[in-house]
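Numbers restart at 1 for each chain; the letters A, B, ... are given by sequence-line order, proteins then strands.
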Protein chains: 2
Amino acid sequence: MPQANSQTRRERLEEREEAILSAARQAFVEHGFDGATMASIAQAAEVAEGTVYLYFKNKNALLDAVIDRFYQRLTEDAREGVQGIHGTFERLEFLARHHLERCLEELPILHLMISRHRWKPDYRSSHGYELNKTYVAIFDGVCRDGMAAGQLRDDVPLWVIRDQFYGTLDYATRTLVLRGRPGKELDLAAEGVVDILRRGLDPGQSERTEAETSKLENITRRLEKVAAKLQA
Amino acid sequence: MPQANSQTRRERLEEREEAILSAARQAFVEHGFDGATMASIAQAAEVAEGTVYLYFKNKNALLDAVIDRFYQRLTEDAREGVQGIHGTFERLEFLARHHLERCLEELPILHLMISRHRWKPDYRSSHGYELNKTYVAIFDGVCRDGMAAGQLRDDVPLWVIRDQFYGTLDYATRTLVLRGRPGKELDLAAEGVVDILRRGLDPGQSERTEAETSKLENITRRLEKVAAKLQA
DNA sequence: TGACTAGGTGAGGGCTAATCATTATAACTG
DNA sequence: CAGTTATAATGATTAGCCCTCACCTAGTCA
């Protein structure tokens, strides 16, 4: 049974890789990149120190892999969520809330990403850049649809809007943590971001109905969450 | 002549400190924090390695000192510039342009600041936090004046606006560099930021929807309480 | 002059990431 | 099943870093 054997063999390797990756993630989250040692990661993964280097080229590659995971889930969930929502600003508000929630949840990972990943001189040719590109492509798509539908000014470059959106959100994440009550003010932050965008990118005559239904739908979504809780 | 002697003595010390600080700045800018070695910094400053530690507690203290300088100049110039300008949005546009220009000029310092400084867990009790606070106080002042004069909505928390402003600018800085022509698009970015703010914070629009959503949110909150009770 | 002291030195300690010669294990073959 | 090869795993070792500390030097003062 060579098939079965090679299967288990492959599985063993994947399990090991998983163990190392998970140990690394844990170590990075707990002690930061510099604070985490390869020795402790190897020990937590129950392998020898040298073994880690069979699976990952070096410490940085470990970090890359951890961040890769973060982005994969972030992107997937964003894409999924957007699909189930109609209306430009409803989608934007979902994206804002989703980004804030996820970044707050995984704050240490966000720190690692920003501090070690995003400011490298060769960022643009890095894998991380591609990951980010894929992620923000969802936002870009929503905006382009909005522009095509006339709900969004199309005389502002998309990259300006994008920086406005994610720049604000990342700063807001930090502020929410610094202020010590991230949960309570999350809604305020997400709504604030989209609200300013809504007014700032209004293509002309204000469409009050649009704005109102948006907020109503927002509340509906929250009520649906409550309903889901009740079911569980 | 004890006066003259102690003077020259003091001057010697200050010169040395200056030499070390300047060498450190150079090294950090050229090779990054990890890439710069204390040995090379000491050599560039023409002192022994141990001497550096007579002037700065450790490598991190060196970085702090470098960043301190950056903030001092940034803040001073911002304050000066704002004083010579009247009108809320004119001032904001100056601040945006000033921030962008300075950050682009000193990009490596900005990287150091963001990656090593701002995301420390104890950031809020650090000197860097105070520096940042002093800097953004200028922006806050401009906004508060604008609100008092009725040129700015006062129903959006100041911290949301601040995050919007500086978050966007920092992201824009990165984008401008990535796009490779920071000079040409700097105006576009600065104007874009302020333009969206201008429209987004225009106090002219109605606030009736605001009151209505507030009521609805009240109801939502009550329903969530009910849900919590039911869960228990 | 001789003791005192602030300031300066650089070899060495302790810790780290990463390597590589060696060993162990699995897979294949006749 | 035994022998051979290929793959996987090991951990002592290496090179390089930050920082300390025992020692040194040169001014200052009694």
Side-chain angles (χ1 to χ4, degrees), chain A residues 1-28 30-66 112 115-117 120, chain B residues 1-28 30-66 112 115-117 120:
Chain A
M1 40 189 141
Q3 279 274 357
N5 269 344
S6 76
Q7 263 274 341
T8 54
R9 185 181 174 83
R10 197 197 185 108
E11 277 172 11
R12 255 184 67 84
L13 289 180
E14 268 171 20
E15 256 176 44
R16 276 227 143 107
E17 182 171 341
E18 175 57 35
I20 292 169
L21 193 55
S22 153
R25 199 194 114 94
Q26 178 81 3
F28 288 154
E30 255 174 62
H31 306 106
F33 186 79
D34 291 330
T37 68
M38 294 302 275
S40 75
I41 291 170
Q43 196 178 14
E46 293 178 314
V47 296
E49 222 174 314
T51 306
V52 177
Y53 292 89
L54 296 177
Y55 290 84
F56 299 91
K57 193 184 159 203
N58 51 31
K59 201 179 179 182
N60 257 302
L62 264 177
L63 179 65
D64 289 349
V66 168
L112 289 169
S115 63
R116 303 265 338 165
H117 221 67
K120 285 189 299 185
Chain B
M1 41 190 140
Q3 280 272 358
N5 268 344
S6 76
Q7 264 275 342
T8 54
R9 189 180 176 84
R10 196 198 185 107
E11 276 172 13
R12 253 185 70 83
L13 288 181
E14 267 169 22
E15 257 175 44
R16 274 225 146 106
E17 182 171 339
E18 176 56 36
I20 293 169
L21 193 54
S22 153
R25 201 195 111 95
Q26 179 81 1
F28 288 152
E30 255 173 63
H31 306 106
F33 185 79
D34 291 331
T37 68
M38 295 302 276
S40 75
I41 290 170
Q43 198 178 12
E46 294 180 312
V47 296
E49 217 174 318
T51 307
V52 176
Y53 291 89
L54 296 177
Y55 290 82
F56 299 92
K57 194 186 158 200
N58 53 30
K59 202 180 180 182
N60 257 302
L62 265 177
L63 178 65
D64 288 350
V66 168
L112 289 169
S115 64
R116 303 265 337 168
H117 222 68
K120 286 187 300 186

[N] [atom2] sits how many Å from [X] [atom1], rounded?
| X | N | atom1 | atom2 | answer |
| --- | --- | --- | --- | --- |
| A:His31 | C:dT16 | NE2 | P | 12 Å |
| A:Gln43 | C:dT16 | CD | P | 12 Å |
| B:Arg12 | C:dG7 | CZ | P | 11 Å |
| A:Tyr53 | C:dA21 | OH | C1' | 17 Å |
| A:Leu54 | C:dT23 | CG | P | 17 Å |
| B:Lys57 | D:dT20 | NZ | C1' | 14 Å |
| B:Arg10 | D:dG27 | CZ | C1' | 18 Å |

Once base and sugar-phosphate atoms are separated, protein heavy atoms under 4.0 Å mark nucleotides 12-17 of chain D, 5' to 3', with B, S and - as -----S
May I ask you to say what B:Phe56 touches in the nucleic acid, namely base, sugar-phosphate or nothing, with a heavy-atom cut-off under 4.0 Å?
-> nothing
I need the [X] [atom1] to [Y] [atom2] distance, nearest 0.5 Å.
| X | Y | atom1 | atom2 | answer |
| --- | --- | --- | --- | --- |
| A:Leu63 | A:Lys59 | CG | NZ | 9.5 Å |
| A:Tyr55 | A:Leu21 | OH | CG | 12.5 Å |
| A:Arg16 | A:Leu54 | CZ | CG | 9.5 Å |
| B:Ser22 | B:Ile41 | OG | CD1 | 10.5 Å |
| A:Arg12 | A:Glu15 | CZ | CD | 8.0 Å |

Heavy-atom side-chain proximity of A:His117 to A:Asp64 below 4.5 angstrom = yes
Are side-chain heavy atoms of A:Arg116 and B:Asp34 found at a separation under 4.5 Å?
-> yes
Establish, with yes or no, whether the OP1 or OP2 oxygen of C:dG8 is under 4.0 angstrom from a side-chain nitrogen or oxygen of B:Tyr55.
-> yes
For DNA chain D, find the residues of residues 14-26 of chain A with a heavy-atom distance under 4.0 Å and give them by number; none if there aren't any.
-> A:Arg16
Which residues pass the side-chain hydrogen bond (donor to acceptor under 3.5 Å, both in side chains) test with A:Thr37, sequence neighbours left out?
-> A:Ser40
Residue list, side-chain hydrogen bond (donor to acceptor under 3.5 Å, both in side chains) with A:Glu30, at least two apart or on another chain = A:Gln26
Salt bridge (Lys or Arg N to Asp or Glu O under 4.0 Å) involving B:Glu18 - partner list, sequence neighbours excluded = B:Arg69
Short N/O separations, protein against nucleotides 5-7 of chain D, under 3.5 angstrom:
unit_1	atom_1	unit_2	atom_2	d
D:dT7	O3'	A:Arg9	NH2	3.0

Report the nucleotide, chosen from C:dA18, C:dT9, D:dA9, that has the shortest atom-to-atom distance to any side-chain atom of A:Asn58.
-> C:dA18
Closest heavy-atom pair and its distance - A:Phe28, A:Leu112 | CB-CD1, 3.6 Å
